[in-house]
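Working notes, structure below.
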Amino acid sequence: MKIKEFLHYTYIFPVFAVIYYFSGLMGTGVVFDIIAGILLTGSVLSAVHHAEVVAHKVGEPYGTIILALCITIIEVALIVSLMVAGGEQALTLARDTVFAAVMIILNGIIGICILVGGVKYFEQFFARTSATTYLVSIVSILVITLVLPNFTSSVNGPYYNNAQLVFVSIACLVIYGVFLMVQTVRHRSYFMPADGTAEEYYIPNKTQAIVSFLFLVICLVIVVLLAKGLSGTIEDMVQSMGAPKSLVGVIIAGVVLLPEGVAAIRAARNNQIQSSLNLALGSALASIGLSIPAISAVSIMYDIPLVLGLDKKDIILLTLSVFIVMLSLSRGKTNVLYGTVLLVNLAAYIFTVIVP
């Protein structure tokens with residue numbers, strides 16, 4: 001690679017963001033927080049660029065798997081660090097963050113992708129078998145992890161005991177592991193474009209792909225670090241609005257999911273709705289299928305109570321979201337109505353967080 005290539009914003013923003021984060025200036029004033037927000041935005045856009053370079057090199061569906069796994073690893077690291085730090089919110093932090101991520105992906109990212117694609121192309125086509133495969137896995141894990149704890153009797157309340165946590169963690173890993181095998185080996189064709197052909201891309205060389213993968217990891221890490229550093233400012237802003245503290249988790253989850261969200265929307269604008277769905281649904285599955293086992297392990301190791309069961313309002317919203325997504329993706333083609341309804345569901349979720 002030529003030196004001038006490293007002068008591109010996708011390399012400059014992450015480097016400056018890392019330097020700024022470790023300078024200790026963040027959180028010392030409004031101006032410095034605004035600078036952090038600008039660097040955060042630039043790092044998100046950089047992450048999207050490098051994720052696309054890696055995806056073009058390894059091909060589908062491996063590229064989307066890489067981005068989904070990176071996002072999930074960073075999400076888990078953020079949740080675990082806040083759990084270990086303790087505090088009142090540690091009890092429900094994991095549940096609220098994972099639930100927020102799932103709702104944002106199913107309603108927000110998929111909704112915007114379908115709406116953007118529908119406005120530009122009227123209809124977009126994808127492999128129905130891919131959506132079905134994703135949703136079967138996602139729905140099973142969602143019910144086992146976020147709904148069933150409310151109805152078990154070994155422990156009072158929306159908790160699992162340690163034995164139940166171990167079983168649920170193994171169940172999540174088994175489902176996700178078999179899904180990956182289906183996606184990458186036995187039925188890879190399910191996750192390719194509906195016409196069976198791959199989109200034409202510029203294929204980067206090996207050096208470019210390796211450099212982009214390294215910068216992708218750097219971008220994702222610094223995005224989470226900056227988001228965590230700005231969480232205090234965000235919390236103060238939320239409190240000044242008189243909104244519940246749970247809104248902070250929604251905002252942070254939204255920031256963490258920005259890279260995959262932007263990448264998915266960009267793919268939809270380029271008439272690559274299959275790639276958009278692979279990104280969104282793959283991230284939803286990885287987010288809950290890998291986060292819960294990791295969080296459960298930390299809960300058991302540090303003896304931290306872990307609330308997993310959702311309340312009735314959230315169960316209704318989750319059921320509505322899953323049902324609408326299943327209907328929207330059942331025909332193998334999309335239109336603007338599906339995207340609009342999903343975005344209304346997201347608005348209802350965020351509104352009821354602010355006004356419970």
Decide yes or no for [X] and [Y]: does some side-chain heavy atom of the first lie under 4.5 Å from some side-chain heavy atom of the second?
X: Leu106; Y: Leu281; answer: yes
X: Met181; Y: Arg186; answer: yes
X: Ser283; Y: Thr72; answer: no
X: Thr152; Y: Tyr160; answer: yes
X: Lys57; Y: Tyr62; answer: no
X: Thr145; Y: Val98; answer: no
X: Arg266; Y: Asn270; answer: yes
X: Leu308; Y: Ile292; answer: yes

Is [X] linked to [Y] within one hydrophobic cluster, defined over Ile, Leu, Val, Met, Phe, Trp and Tyr using a side-chain heavy-atom separation of less than 4.5 Å?
X: Val54; Y: Leu214; answer: no
X: Tyr121; Y: Ile273; answer: no
X: Val341; Y: Ile316; answer: no
X: Ile210; Y: Ile218; answer: no
X: Ile170; Y: Ile138; answer: yes

query = Does the side chain to side chain contact (heavy atoms under 4.5 Å, CB included) test come out yes or no for Ile300 and Leu165, once each step is laid out?
reply = CA-CA 8 Å; Ile300 294 172; Leu165 280 177; 4.2 Å; yes

query = Taking the side chain from Thr132 and the backbone from Thr129, do they hold a donor-acceptor pair closer than 3.5 Å?
reply =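 No; zero donor-acceptor contacts below 3.5 Å.
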
Side-chain (Ser137) to main-chain (Thr133) donor-acceptor, under 3.5 angstrom =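 Side chain of Ser137 to backbone of Thr133, a donor-acceptor pair under 3.5 Å: yes, one is there.
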
[atom2] on [Y] to [atom1] on [X], rounded to 0.5 Å:
X: Ile304; Y: Ser296; atom1: CD1; atom2: OG; value: 11.5 Å
X: Thr352; Y: Asp314; atom1: OG1; atom2: CG; value: 7.0 Å
X: Lys312; Y: Asn150; atom1: NZ; atom2: CG; value: 9.5 Å
X: Ile350; Y: Leu317; atom1: CD1; atom2: CG; value: 11.0 Å
X: Arg269; Y: Cys113; atom1: CZ; atom2: SG; value: 11.5 Å
X: Leu148; Y: Leu310; atom1: CG; atom2: CG; value: 12.0 Å

Give the minimum heavy-atom separation between [X] and [Y], together with the two atoms involved.
X: Leu25; Y: Phe32; answer: O-CB, 3.4 Å
X: Ser291; Y: Val76; answer: OG-CG2, 3.4 Å
X: Cys219; Y: Pro14; answer: SG-CG, 3.4 Å
X: Leu146; Y: Arg95; answer: CD2-CG, 4.2 Å
X: Gln124; Y: Ala268; answer: NE2-O, 3.0 Å
X: Ile109; Y: Ala264; answer: CG2-CB, 3.9 Å

Working for side chain to side chain contact (heavy atoms under 4.5 Å, CB included), residues Ile222 and Tyr21 = CA-CA 8 Å; Ile222 199 60; Tyr21 177 80; 3.8 Å; yes

Quick one: which residue pairs count as a ring-ring contact (aromatic ring centres under 6.0 Å, His included) with a foot in [range], not counting sequence neighbours?
range: residues 227-273; result: none
range: residues 266-316; result: none
range: residues 215-272; result: Tyr11-Phe215, His50-Phe215
range: residues 161-186; result: Tyr134-Phe179, Phe179-Phe191

query = For Thr10, which residues count as a side chain to side chain donor-acceptor pair (under 3.5 Å) partner, sequence neighbours excluded?
reply =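 Applying side chain to side chain donor-acceptor pair (under 3.5 Å) to Thr10 gives His8.
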
ask   = With sequence neighbours left out, what residues match Ser130 under side chain to side chain donor-acceptor pair (under 3.5 Å)?
value =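 Here the qualifying residues are Gln274.
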
request  = Please assess Asp96 against Phe99 for the test side chain to side chain contact (heavy atoms under 4.5 Å, CB included), listing each intermediate value before the final yes or no.
outcome  = CA-CA 5 Å; Asp96 292 344; Phe99 178 57; 5.8 Å; no

request  = Show the numbers, then the answer: is there a side chain to side chain contact (heavy atoms under 4.5 Å, CB included) between Ser140 and Ile175?
outcome  = CA-CA 9 Å; Ser140 176; Ile175 291 175; 3.5 Å; yes

Remaining members of the apolar cluster that contains Val116, side-chain heavy atoms under 4.5 Å =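 Ile112, Leu115, Val119, Ile265, Val336, Leu343, all in the cluster of Val116.
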
key: Between Tyr190 and Phe126, ring centroids under 6.0 Å   =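 Tyr190 vs Phe126: aromatic centres not under 6.0 Å.
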
inquiry  = Does Asn156, at its CG atom, have more than 12 non-hydrogen atoms belonging to other residues, nucleotides or ligands within less than 6.0 Å?
reply    =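 Atom CG in Asn156 is not crowded, with 12 or fewer foreign heavy atoms closer than 6.0 Å.
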
query = What residues, two or more places apart in sequence or in another chain, satisfy side chain to side chain contact (heavy atoms under 4.5 Å, CB included) together with Asn161?
reply =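 Side chain to side chain contact (heavy atoms under 4.5 Å, CB included) list for Asn161, sorted by chain: Ser154, Val155, Ala163, Gln164.
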
inquiry  = Test of understanding: with ring pair (Phe, Tyr, Trp, His ring centres under 6.0 Å), list the residues that count as partners of Phe13, not counting sequence neighbours.
reply    =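 For Phe13 there are no ring pair (Phe, Tyr, Trp, His ring centres under 6.0 Å) partners, ignoring immediate neighbours.
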
inquiry  = Test: side-chain hydrogen bond (donor to acceptor under 3.5 Å, both in side chains). Region: residues 318-345. Which pairs qualify, not counting sequence neighbours?
reply    =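 Non-adjacent pairs meeting side-chain hydrogen bond (donor to acceptor under 3.5 Å, both in side chains): Asn107-Ser321, Arg331-Tyr338.
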
Check: residues 252-259 side-chain donor-acceptor pairs under 3.5 Å, at least two apart:
none

Acceptor/donor pairs from residues 37-49 side chains to any protein atom, 3.5 angstrom cut, sequence neighbours excluded:
unit_1, atom_1, unit_2, atom_2, d
Thr41, OG1, Gly37, O, 3.0
Ser43, OG, Leu39, O, 2.8
Ser46, OG, Gly42, O, 2.8

